[in-house]
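Lettering follows sequence order; numbering is per chain, from 1.
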Number of protein chains: 2
Amino acid sequence: MLVADNATAPTYTIGECARRSGFTMDTLRYYERIGLIDAVGRTATGQRRFTDGDLEWLGTLKCLRDTGMPVEQMARFADLVRDGDHTIPERIRLLETHRLAVDDRMADLAAKRDYISGKIDYYRSV
Amino acid sequence: MLVADNATAPTYTIGECARRSGFTMDTLRYYERIGLIDAVGRTATGQRRFTDGDLEWLGTLKCLRDTGMPVEQMARFADLVRDGDHTIPERIRLLETHRLAVDDRMADLAAKRDYISGKIDYYRSV
DNA sequence: CTAGGGCTTGGAGTGGACTCCAACGCAAAC
DNA sequence: GTTTGCGTTGGAGTCCACTCCAAGCCCTAG
């Protein structure tokens, strides 16, 4: 359920945000607690309201997490983003390092996939 | 250190086996305890002596583990291998299912690698 | 023959990343 | 206007896959 103030930007409850981001509500709260997400906007009664900007950031986090970046390093990246544009060179370095790690992982998976295929072929030949 | 009885097949201490297999000694003992490895041969005084056959099996386990197969499923596979040749069709099924999971994972990684590259390019353009 | 390293055990502890809980307030559908 | 369910909190618990520990035995080089 979109919770919109028709004149302004749409916002989302934590449940809707979970649905859209692919994280669970618990994980969203956890990420906010440990500083992966900046303090999320709240209603007068204290309920979270996520913005499209929050969702975009969550998309980045999801990508980093799903490619195996540890939470600690994501937190480092989040800090850099918070610190402003002068950290962009370091953000690039961090992402490039991570991309290399992803490349290694993919190469390793490809090699091991072949090993598995060989095993399957062997079993088929028996 | 290879521990060989010159007339027969070579065997390896757990330390040497760890070095060769890429698992730690603790992990090897753990895998034996939970049944991922069949009871390993012992010396008269109770020390483990791994064979080349053990090492080959460990290579398979390493491949499955490193491609993200849960220990429980590796145990299932180990059980099938123990149960004899009539389980080969099911072993094939298990490996094919796992290979699909690996394919999915590789596709996901590739997509997310592209996202990261896009992010890097964006930061470079700022 | 002794020092130093390697190996043994059962069981407890660790690390990372969530995930669940109780006890409660708020919301929106009928 | 009440029921059904979504949201709140701090803190405890879970899961996976190891990893470490103490106390002690074994092995080989010097």
How many whole angstroms separate atom CZ of B:R42 from atom C1' of C:dC7?
10 Å
Do A:H98 and B:I116 have side chains that approach each other closer than 4.5 Å (heavy atoms only, starting at C-beta)?
yes
A:R49 side chain near D:dG7 phosphate (N/O to OP1/OP2, under 4.0 Å)
no
Give a yes/no answer on whether the side chain of A:Y31 brings an N or O atom under 4.0 Å of OP1 or OP2 in C:dA17.
no
Could you tell me how far apart A:R33 (CZ) and C:dG16 (P) are, to the nearest whole angstrom?
16 Å
Provide, to the nearest angstrom, the distance between the CD atom belonging to A:E32 and the P atom belonging to C:dA17.
19 Å
Per nearest nucleotide of DNA chain D, the residue lying toward the 5' end, B:P70 or B:T45, is B:P70
Gap between atoms CD1 and C1', on B:I34 and D:dC16 respectively (whole Å):
11 Å
Distance-only donor-acceptor check, side chains B:Y12 and B:D52, under 3.5 Å
yes
Is A:T13 close enough to D:dC6 that one of its side-chain N or O atoms is under 4.0 Å from OP1 or OP2 there?
no
Check: B:F23 main-chain N/O paired with B:T27 side-chain donor or acceptor under 3.5 Å:
no
Below the 4.0 Å mark, does C:dT8 have OP1 or OP2 next to a side-chain nitrogen or oxygen of B:R48?
yes
When rounded to whole Å, the CZ to C1' distance for the pair A:R19 and D:dG5 reads 17 Å
Heavy atoms, side chains only, cut-off 4.5 Å: are A:I37 and A:L58 in contact?
yes
I'd like to know if A:E16 pairs up with A:R49 as an ion pair, taking the criterion as any Lys NZ or Arg NE/NH1/NH2 lying under 4.0 Å from an Asp or Glu carboxylate oxygen.
no
Near-strand residues of residues 21-30 of chain B, defined as heavy-atom separation under 4.0 angstrom from DNA chain C:
B:M25, B:R29
Start at the 5' end of DNA chain D and walk down; is the nucleotide closest to B:M69 or to B:Q47 reached first?
B:M69
Just list the side-chain donor-acceptor pairs under 3.5 Å for residues 119-126 of chain A, sequence neighbours left out, or say none.
residue, atom, partner, partner atom, Å
A:Y123, OH, B:R91, NH1, 3.2
A:R124, NH2, B:E96, OE2, 2.1
A:S125, OG, A:Y122, O, 2.7

Tell me the interatomic distance from B:L61, atom CG, to D:dC18, atom C1', rounded to whole angstroms.
15 Å
Short question: side chain of A:T51, backbone of A:D54 - any donor-acceptor pair under 3.5 Å?
yes
Separation of atom CD in A:Q73 from atom P in C:dG16, rounded to whole Å
13 Å
To the nearest angstrom, how far is A:M74 atom CE from C:dG16 atom C1'?
11 Å
